[in-house]
Amino acid sequence: MDRPRRPGGQRVLLEPREIYRDTGPIAAVVVDCADPRTMARFWDEAMDWTLHEVTDDQAVLRSAKGVGPYVEFLRTPGVKAVPDRVHIDLLPYPGDDQEAEVARLRALGATDLDLGRGDVPWRCLADPEGHEFCVLAPS
């Protein structure tokens with residue numbers, strides 16, 4: 001579905017979509033990207049979520065439990081040039097090892113990031129297109 005754009009290229013959703021009916025107040029977290037298929041491959045493996053749609057223009061994932069918002073990767077022109085103002089934090093399952101999870105994500109294509117925050121309990125990484133995300137310490 002091609003979405004209208006605001007000046008400056010921001011997408012706008014003007015009409016309600018049936019898939020958003022039961023998401024709660026946040027329908028989707030939308031991430032601009034160059035290649036939704038690449039993003040789908042990475043994030044499908046990175047998160048324990050269900051892949052709902054993959055095309056050349058978008059990839060859509062949602063919790064395997066069918067609750068909460070969707071994460072949508074939408075093809076946009078241009079290259080990511082600045083740090084993201086919103087990012088995803090991943091929480092390992094209870095009992096999982098944070099370093100093992102970071103190693104698994106690196107094997108999928110994530111890279112380490114040093115954001116200059118010093119000694120913190122989370123690890124900063126970037127997905128294959130450079131979008132920042134964090135791996136939190138498991139509870």
Side-chain angles (χ1 to χ4, degrees):
M1 168 180 188
D2 190 30
R3 296 179 179 166
R5 292 184 181 265
R6 291 184 194 135
Q10 297 171 321
R11 285 192 168 85
V12 180
L13 181 62
L14 298 177
E15 76 285 345
R17 292 175 62 191
E18 182 61 27
I19 67 167
Y20 295 155
R21 182 176 36 84
D22 64 349
T23 60
I26 298 175
V29 176
V30 179
V31 180
D32 290 344
C33 66
D35 185 354
R37 291 183 186 278
T38 296
M39 298 300 279
R41 278 190 295 277
F42 175 81
W43 286 102
D44 184 39
E45 292 292 325
M47 301 187 302
D48 190 16
W49 284 28
T50 301
L51 188 59
H52 287 267
E53 179 181 354
V54 181
T55 68
D56 288 340
D57 293 320
Q58 71 178 8
V60 179
L61 296 104
R62 190 176 190 202
S63 164
K65 295 179 180 179
V67 298
Y70 289 84
V71 175
E72 299 181 5
F73 296 94
L74 300 180
R75 178 182 299 279
T76 57
V79 179
K80 179 182 174 320
V82 297
D84 295 311
R85 297 189 80 178
V86 174
H87 69 265
I88 294 172
D89 284 349
L90 298 178
L91 179 64
Y93 289 114
D96 282 357
D97 178 68
Q98 182 185 36
E99 286 306 313
E101 181 63 5
V102 169
R104 183 183 77 83
L105 294 165
R106 278 193 207 116
L108 294 174
T111 55
D112 291 305
L113 282 180
D114 180 2
L115 299 177
R117 301 209 176 175
D119 189 23
V120 293
W122 59 85
R123 296 292 304 274
C124 297
L125 300 171
D127 70 19
E129 288 197 7
H131 298 280
E132 301 88 7
F133 68 96
C134 296
V135 179
L136 305 176
S139 49

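Start at 1 with the first residue, then count along the sequence. Computed from a predicted structure; not experimentally measured.
Closest approach of P36 to A59, counting heavy atoms only: O-CB, 3.6 Å. Closest approach of F73 to C33, counting heavy atoms only: CB-SG, 3.8 Å. The nearest pair of heavy atoms linking Q98 to P121 is NE2-O, 3.0 Å. Nearest heavy atoms, R62 versus T23: NH2-CA, 3.6 Å. The two atoms that bring C134 and W122 nearest to each other are SG-CD1, 3.8 Å, heavy atoms only. Heavy atoms only, all atoms of each residue included: A137 and L91 are closest at O-CD1, 3.5 Å.
Below 30°, between 30° and 60°, or above 60°: for F133 and W43 the angle between ring planes is above 60°, a perpendicular geometry.
Ion pairing between R123 and E99 holds under the 4.0 Å rule for side-chain N and carboxylate O.
Residues satisfying the side-chain contact (heavy atoms from CB on, under 4.5 Å) test with L51, not counting sequence neighbours, are A40, D44, V54, L61. Partners of D114 by side-chain contact (heavy atoms from CB on, under 4.5 Å), not counting sequence neighbours: none found.
Between the side chain of T50 and the backbone N or O of H52, no donor-acceptor pair lies under 3.5 Å. With hydrogens and angles disregarded, no donor-acceptor distance shorter than 3.5 Å links the side chain of E101 to the backbone of D96. Using modelled atom types, one side-chain atom of D35 and one backbone atom of R37 make a donor-acceptor pair closer than 3.5 Å. Formation of a donor-acceptor pair under 3.5 Å by the D127 side chain with backbone atoms of G130 is found in this model. At distances below 3.5 Å, not a single donor-acceptor pair connects side-chain atoms of E72 with backbone N or O atoms of V31.
With rounding to the nearest 0.5 Å, the separation of CE in M47 from OG in S63 is 9.5 Å. In this structure, the separation between CG on D48 and NZ on K65 is 9.0 Å, given to the nearest 0.5 Å.
Both M39 and I88 sit in one connected hydrophobic cluster of ILVMFWY residues. Membership requires side-chain heavy atoms under 4.5 Å apart, directly or through other members.
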Trace of the salt bridge (Lys or Arg N to Asp or Glu O under 4.0 Å) decision for R75 with D32: CA-CA 6 Å; R75 178 182 299 279; D32 290 344; over 6 Å; no
CA sep, side-chain torsions, deciding dist, call: R106, T111, side chain to side chain contact (heavy atoms under 4.5 Å, CB included): CA-CA 6 Å; R106 278 193 207 116; T111 55; over 6 Å; no
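Counted by atom type alone, Q58 and E53 present one or more donor-acceptor pairs between their side chains at under 3.5 Å.
The shortest side-chain heavy-atom distance between V135 and L125 falls under the 4.5 Å cut-off.
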